[in-house]
Number of protein chains: 2
Amino acid sequence: MAQSEHRLPVELFLDLDRSGPVPLYYQIASRLEQAILDQTLPAGARLENEVALAARLGLSRPTIRRAIQDLVDKGLLVRRRGIGTQVVHGKVTRNVELTSLYEDLERSGQKPETRVLSVEVVPADEAAVEALGVDPGSPVLHVQRLRSADGVPLAILDNVLPEQFTDLDREALEKHGLYQLLRARGVTMRVAKQRIGARAASAREAELLDLSRGAPVLTMARTAFDNSGVAVEFGQHCYRPDRYSFEVTLVDR
Amino acid sequence: MAQSEHRLPVELFLDLDRSGPVPLYYQIASRLEQAILDQTLPAGARLENEVALAARLGLSRPTIRRAIQDLVDKGLLVRRRGIGTQVVHGKVTRNVELTSLYEDLERSGQKPETRVLSVEVVPADEAAVEALGVDPGSPVLHVQRLRSADGVPLAILDNVLPEQFTDLDREALEKHGLYQLLRARGVTMRVAKQRIGARAASAREAELLDLSRGAPVLTMARTAFDNSGVAVEFGQHCYRPDRYSFEVTLVDR
DNA sequence: GACCCTCTACTGTCAGAACAACCGGACAAC
DNA sequence: GTTGTCCGGTTGTTCTGACAGTAGAGGGTC
């Protein structure tokens, strides 16, 4: 059986908004992604070639290419020179993105709750200096939280933030995710570097997470940077492994 | 202190090979990356603007943009419209890429060793069908290996491969990494979907990894797809967490 | 001094075009 | 039969050119 040439319905691309603020390539990418998600474009299907697509939609090839490239980077499409562009087999997985656990839970329909274990301004220790690039001894905010979902303890979140955020208070932290609070202050996270590992839970961690002593926990250390490249957050989290794991998609560029 | 305008030495870009097979944007990106790694471009430094760079190097702006974009995707640079492009603070970390553990170890100067625990052709079980998209009961290769580095056991690798690879033999698997063997057959991995978690080691795992019973292990389940979007490998690995962890860089596009 | 406006400097988006590299198959040559 | 060669189709690379959107700095007014 030959790979069926897949003819994309024109209707999918009919309502492009050329005057609005949403870039054309983004509109195309979104529609394509939706088509892949709901199997309108099944796994293995071949896309129409770039020049034809561009002509049919009345767009330039760079615009089409940009849209396709975004989906390639997401791991949804694969390109081969001389061959064409195809939909990747395998289920689509929701990836780790530059979001907080709080938002992840909300989006997946669970009800996140936060218990603030401690929040205090302390002089930066060596780890904070290293991760945040602040001066040794300068005031930083140290926050420890217990995050639950649907009433079940899920993770212990230990975060350090630089001086500009030392006025964040307990109440705000109980009600909202950390990233929400940062964004509300005009901070936009752009890059995060994470290290994911595992170890045995300490006695305190075991108690908080409702695990037996020495049980495995999944750990993640992260430093996040804003759009000017400056570190805005450093965190060490530990998760109940039976309730949480990380999904990552790798793409060879 | 104002952000110093950083003047990039022209010498860095003098030996561009315009006729060779290496794309210009790639040559630019490599040189820039090197400059960031060896602190020629220190953290926080502002790059010259795109148009000026293009003019100075005798290239077009799209070429420069492509080079910069690659480094943004790697988490090395940050762009802000109206402002410019800056080097991200924080140490550069070698990321998980589309490579096997074997190559990771080799590259970091350690000596990887492989002990093949079992290798056999079996009918595909449900998990294999699900992950690889093969027909139920079709023959697949099931490989179990113990990977050590510098004589210390590091991970247990459990992999399943589709029918076309059922002739891989024990000797080859002892001597080379799995991905090396696949590439040698003309397979090029392009996309991989991974799930990273943690759990307690089974009795057998503990013995193989030289851990105490019930000790935490770091787990990774991966499905890899080739350049036509077809699954070529499915693996479930477990690592000694004191010897291995994953590094991931996230970038907001 | 505080506020608003404009101006400047940058990145973001898009068009249109040309040629290179590559794949697969068909066909010719050996 | 095997190997080499060509050809059509497709993505990859690169260029030129233009305009839009955003942030910061500076100047003006109140």
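Any value given below was found using the heavy atoms of this structure, including those in side chains, with hydrogens, waters and symmetry copies removed.
Considering only heavy atoms from C-beta on, B:Arg61 comes within 4.5 Å of B:Val51 through its side chain.
Distances shorter than 4.0 Å separate none of the side-chain N or O atoms of A:Tyr25 from OP1 or OP2 on C:dC14. Applying the 4.0 Å criterion to OP1 and OP2 of C:dC10, one finds that B:Arg79 has every side-chain N and O outside that range. OP1 or OP2 of D:dT11 sits under 4.0 Å from a side-chain N or O of A:Thr85.
Atom CD of residue A:Gln86 and atom CG of residue B:Asn227 lie 9.0 Å apart, to the nearest 0.5 angstrom.
Residues meeting the side-chain hydrogen bond (donor to acceptor under 3.5 Å, both in side chains) test with A:Arg79, sequence neighbours left out: A:Glu50, A:Gln69. A:Lys193 pairs by the salt bridge (Lys or Arg N to Asp or Glu O under 4.0 Å) definition with nothing, not counting sequence neighbours.
Between the C1' atom of D:dT10 and the CG atom of A:Leu53 lies a distance of 12 Å, rounded to the nearest Å. The distance between atom CZ of A:Arg18 and atom C1' of C:dT13, rounded to the nearest whole Å, is 12 Å. Between the P atom of C:dG24 and the CZ atom of A:Arg46 lies a distance of 11 Å, rounded to the nearest Å. Remark: C1' of D:dT13 and CD of B:Gln69 are 16 Å apart, rounded to the nearest angstrom. Put simply, CZ on A:Arg253 is 15 Å from C1' on D:dT11, counting in whole angstrom units. Atoms CG (B:Asn227) and C1' (C:dC22) sit 12 Å apart, rounded to a whole Å.
Taking only side-chain atoms of A:Ser60, from C-beta outward, the nucleotide of C:dT13, D:dT14, C:dG16 with the closest atom is C:dG16. Closest approach to the A:Thr63 side chain among C:dA15, D:dC15, D:dT14 is made by C:dA15 (side chain taken as heavy atoms from C-beta onward). Closest approach to the A:Leu59 side chain among C:dA15, D:dT14, C:dG12 is made by C:dA15 (side chain taken as heavy atoms from C-beta onward). Each of C:dG12, D:dT10, D:dG12 was ranked by its minimum atom distance to the side chain of A:Arg65; first place goes to D:dG12. The side chain of B:Asn49 approaches C:dT11 more closely than any other nucleotide in the set D:dT13, D:dC15, C:dT11.
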statement: Expected string for nucleotides 17-27 of chain D under the B/S/- scheme (protein heavy atoms, under 4.0 Å, primed atoms plus P, OP1, OP2 as sugar-phosphate) is -B--BBSS---

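Salt-bridge formation is not detected for the pair B:Arg107/B:Glu103: no Lys NZ or Arg NE/NH1/NH2 atom is positioned less than 4.0 Å from an Asp or Glu carboxylate oxygen.
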